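Notes for the one structure printed next.
On a predicted model such as this, the values are computed, not experimentally measured, just so you know. In the text below, chain A, chain B and the rest are named by the order of the sequence lines, each starting its count at 1.
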Amino acid sequence: MRLSQYFMPVLRDDPKEAEIASHRLMLRTGMVRQEAAGSYSWLPMGFRVLKKIEQIVREEQNRAGALEVLMPTLQSADLWRKSGRYDDYGKEMLRIKDRQDRDLLYGPTNEEMITDIFRSGIQSYKDMPRNLYHIQWKFRDEVRPRFGVMRGREFLMKDAYSFDVTREAGQHAYNKMFVSYLKTFARLGIKAVPMRADTGPIGGDDSHEFLVLADTGESGVFFDGALHDLDWSTIEIDYDNVEAVANMVSEYTSKYAATDEKHDQSEFEKRVPEGKRLSGRGIEVGHIFFFGDKYSKPLGCEVQGPDGKKITVQSGSYGIGVSRLVGGIIEASHDKDGIIWPESVAPFHVGLINLKVGDAEADAACEKIYKALEAKGVEVLYDDRNQPGGAKFAAMDLIGLPWQVIIGPRGLKDGIAEVKNRKTGARENVALDQIVGRFA
RNA sequence: CGGGGCGUAGCGCAGUCUGGUAGCGCACCUGCCUUGGGCGCAGGGGGUCGCGAGUUCGAAUCCCGCCGCCCCGACCA
């Protein structure tokens with residue numbers, strides 16, 4: 001993409017309403033635009049990141065055996081009346097009437113609907129287990145939306161729902177999602193620590209939150225430094241191996257880790273040696289629940305078992321805040337100059353800077369490399385605007401692409417360009433004809 | 001929902017107390033110059049001052065009502 005033809009409204013000053021880094025940087029880099037309290041338009045740069053995160057989440061859900069569906073944003077109130085949550089959910093649920101005066105709502109979550117879909121789609125225990133998920137916009141009318149996309153009212157969420165015959169099978173479904181979350185967050189370039197969580201109003205038997213460590217997190221967290229020492233990046237697992245999956249879950253859950261609501265200082269001190277006691281703040285980016293029959297019972301979600309008798313299914317639900325992750329990743333990965341994108345979610349892989357637009361030699365060298373990178377499928381953002389070098393460096397650091405290729409008269413004399421790593425700041429001179437090979 | 005604050009050009013702000021018909025920086029447009037860390041010179045465009053109703057000869061400014069947004073707290077996938 002040529003920057004001269006892109007839509008990336010970069011702001012030079014910090015917008016006054018943005019207090020925290022991710023919100024400030026997302027607005028400054030033109031990733032999003034606020035439309036109302038807690039509601040954002042996603043502009044090209046932000047949308048690319050959102051889609052990359054979504055795709056990684058999707059791939060890991062699929063790998064763990066979940067099946068993708070898509071449910072509508074608007075739901076009928078009837079389903080919610082049946083589960084008893086229509087009145088319980090309160091003002092956070094956006095209620096709407098259609099022209100026939102029927103009660104609708106903009107879905108804040110989908111337990112009711114998916115349970116109904118599942119029930120009507122299967123008849124026998126032989127059709128289980130199943131795990132269905134979708135990645136869809138939700139709306140929760142938050143009392144106080146804030147922090148940009150981190151606590152918006154409209155947000156993109158992956159929610160999965162498992163259905164099993166027995167409690168043990170349901171536990172395995174829960175464990176599979178647990179492990180898939182570890183893999184997902186590792187691929188996203190962040191460390192999200194699983195912590196035992198309150199089941200809250202959603203209820204249920206077992207629950208874990210996954211929190212990204214960041215100073216601006218909304219929850220205080222206390223955990224065993226040994227969790228940091230585990231290698232998260234290379235998790236290999238056979239999801240059908242019940243024991244292996246369970247072992248991995250217990251490896252991560254045996255260490256002390258708790259949010260401030262669940263924190264027990266004396267237990268913390270008893271279980272974790274002093275030098276390993278870590279505390280800080282975290283952003284919740286995932287939350288998994290095992291329900292048992294809490295939802296399936298009132299909704300009459302039953303199947304016929306081998307003995308001909310009805311069995312109430314065991315269910316769980318598993319959420320990842322996709323749009324929140326955009327902010328969460330920035331919170332965990334930025335410096336004073338701007339964003340530092342992990343390679344897996346960066347909007348572009350390489351930023352190509354032409355330091356002397358209009359100079360025949362510089363233009364030709366940049367064009368050649370730009371076209372070659374594009375031909376190789378390398379995502380490259382070419383800053384071909386006629387602006388002074390300083391402005392280009394500042395902008396490229398701000399948007400935080402992992403690599404910068406800097407081409408100007410000084411290096412061209414010797415047939416070289418500079419390759420800069422945004423994260424480490426390391427610079428390296430590379431021969432022009434070697435550049436493409438570095439990234440392709 | 002309690003407390004506090006803000007709304008004037010795309011962004012950041014001054015002007016409001018003390019009423020006189022709107023200004024600064026950046027950005028933008030034209031031309032020249034320049035090009036290795038937000039460059040320089042000259043010229044130029046852009047605002048129903050959040051909305052409505054009042055007071056007044058005259059309202060960004062005073063009065064009344066409303067709307068929107070932000071921050072702290074309570075709450076929260």
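For A:N386, whose side chain is taken as the heavy atoms from C-beta onward, the closest listed nucleotide among B:rC76, B:rG36, B:rU34 is B:rU34. Listed nucleotides: B:rC76, B:rC39, B:rG36. Nearest to the side chain of A:E418: B:rG36. With B:rG36, B:rC71, B:rC39 as the candidates, the nucleotide lying closest to the side chain of A:P388 is B:rC39. Listed nucleotides: B:rC1, B:rG38, B:rC11. Nearest to the side chain of A:K91: B:rC1. Relative to the side chain of A:L355, the nucleotides B:rA74, B:rG37, B:rU35 differ in distance, and B:rU35 lies closest. Comparing B:rC71, B:rG7, B:rG38 by their nearest atom to the side chain of A:K16 picks out B:rG7. The side chain of A:E17 lies closest to B:rG12, out of B:rC11, B:rG12, B:rG36.
Side chain of A:R2 to backbone of A:L381: no donor-acceptor contact under 3.5 angstrom is found. A:R281 places a side-chain N or O within 3.5 Å of a backbone atom of A:E218 that can act as its donor or acceptor partner.
Interface remark: the A:D14 side chain does not form any donor-acceptor pair with the B:rG12 base, using a distance-only criterion of under 3.5 Å. With hydrogens and angles ignored, no donor-acceptor pair closer than 3.5 Å exists between the side chain of A:R144 and the base of B:rG3. With hydrogens and angles left out, the side chain of A:R24 and the base of B:rG12 share no donor-acceptor pair within 3.5 Å.
In this structure, A:D206 pairs ionically with A:R196, as a charged nitrogen and a carboxylate oxygen lie closer than 4.0 Å.
For the C1' atom pair drawn from B:rG12 and B:rG19, the interatomic distance equals 27 Å after rounding to whole Å. Going from the C1' atom of B:rC75 to that of B:rC64 covers 34 Å, rounded to whole Å.
Between the C1' atom of B:rG36 and the CZ atom of A:R427 lies a distance of 9 Å, rounded to the nearest Å. Between the C1' atom of B:rC13 and the CG atom of A:D13 lies a distance of 10 Å, rounded to the nearest Å. Look at CG on A:D383: it is 12 Å from C1' on B:rU35, rounded to the nearest Å.
Distance CZ/A:F290 to OG/A:S317: 11.5 Å, rounded to 0.5 Å.
Between A:H208 and A:Y174, the ring planes lie tilted relative to each other; the angle falls in the 30° to 60° range.
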